[in-house]
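Quick notes on the structure that follows.
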Amino acid sequence: MAPIGSKSGTAERARDTKRRKFSPEFRDEAVKMVVVESRPIAEVAREVQVNEGTLGTWVSRCRQDHAGEEPPLNISERARLRELGRENRELRMKIEFLGKAAAFFAQEYR
């Protein structure tokens, strides 16, 4: 146990640990796994043994740097996007209704 008034062991260990350095190639490969392969950040972070927040920062920086480079959607992609938006709205309305119904029936049985 640390004496009263001294730094905690955790703070001392954090100060003593060195920050890991990652090569640009390593960062690019990890970002590519998320962006190109559409894999979740958490999954890729575990696989490449990097903190999720670190990988998330790399991905968001890449997306900001290359925002104008994405090709425009073609007609079928636009139609699919509209269809998914419509489905999303319908599902949200169903969830809202089911939540209200559950609250109503929960009140009725009290």
Side-chain angles (χ1 to χ4, degrees):
M1 244 175 99
I4 297 174
S6 70
K7 294 181 180 179
S8 69
T10 305
E12 289 175 8
R13 271 185 267 126
R15 184 175 40 95
D16 293 339
T17 59
K18 293 181 180 179
R19 292 182 60 184
R20 291 171 46 194
K21 301 260 183 183
F22 300 100
S23 69
E25 294 81 16
F26 178 84
R27 291 180 185 198
D28 291 343
E29 283 299 315
V31 168
K32 191 187 313 180
M33 292 169 76
V34 173
V35 175
V36 175
E37 299 175 17
S38 299
R39 294 176 57 192
I41 289 175
E43 177 184 311
V44 173
R46 279 191 302 273
E47 185 176 319
V48 298
Q49 298 178 348
V50 174
N51 184 294
E52 283 181 44
T54 301
L55 181 56
T57 301
W58 297 347
V59 169
S60 63
R61 187 174 301 139
C62 175
R63 286 182 173 149
Q64 287 174 351
D65 292 346
H66 302 291
E69 297 175 16
E70 289 187 30
L73 299 176
N74 62 33
I75 294 172
S76 64
E77 291 172 332
R78 288 176 201 244
R80 180 70 176 143
L81 186 59
R82 274 195 306 275
E83 178 185 325
L84 290 172
R86 187 178 316 114
E87 183 180 346
N88 195 352
R89 283 188 298 279
E90 289 174 11
L91 291 172
R92 287 182 191 273
M93 288 189 321
K94 287 179 182 179
I95 289 171
E96 184 181 345
F97 172 78
L98 290 173
K100 289 178 181 178
F104 172 78
F105 287 115
Q107 246 182 358
E108 189 173 293
Y109 288 110
R110 285 187 186 190

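This is a predicted model, so every value here is computed, not measured.
Put simply, the side chain of R80 reaches to within 4.5 Å of the side chain of L84, judged on heavy atoms. Counting heavy atoms from C-beta on, the side chains of M33 and E47 come closer than 4.5 Å. Between V48 and F26, the closest side-chain pair of non-hydrogen atoms falls below 4.5 Å. Side chains of R78 and N74 form no contact here, defined as non-hydrogen atoms less than 4.5 Å apart.
Between E96 and K100 there is a salt bridge, with a side-chain nitrogen of the basic residue lying less than 4.0 Å from a carboxylate oxygen of the acidic one.
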* Could you check E90 against K94 for salt bridge (charged side-chain N to carboxylate O under 4.0 Å, His left out), going step by step and ending with a plain yes or no? => CA-CA 6 Å; E90 289 174 11; K94 287 179 182 179; 5.3 Å; no
Is there a side-chain contact (heavy atoms from CB on, under 4.5 Å) between V44 and R39? Walk through the geometry before answering. CA-CA 7 Å; V44 173; R39 294 176 57 192; 3.8 Å; yes
What verdict does the side-chain contact (heavy atoms from CB on, under 4.5 Å) test give for E77 and L81, after you've listed the backbone C-alpha separation in whole Å, the side-chain angles of each residue and the deciding distance to 0.1 Å?
CA-CA 6 Å; E77 291 172 332; L81 186 59; over 6 Å; no
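In terms of heavy atoms, V59 sits closest to V31 at N-CG2, 4.1 Å. Nearest heavy-atom pair across I41 and E52 is CG2-O, 3.8 Å. Summarising the geometry of F22 relative to R27, their closest heavy-atom pair is O-NE, 3.7 Å, with the distance given to 0.1 Å. Scanning both residues, L55 and A45, for their nearest heavy atoms gives CD2-N, 3.6 Å. For Q49 against R20, the heavy-atom pair with the smallest separation is O-NH2, 3.0 Å.
For L91, the CG atom sits in a packed shell: over 12 heavy atoms of surrounding residues, nucleotides or ligands are nearer than 6.0 Å. Annotation: E37, atom CD; neighbour count of heavy atoms from other residues, nucleotides and ligands within 6.0 Å is above 12.
In this structure, the separation between CD on E29 and OG on S23 is 9.5 Å, given to the nearest 0.5 Å.
Not one N or O on the side chain of T54 forms a donor-acceptor pair closer than 3.5 Å with the backbone of V50.
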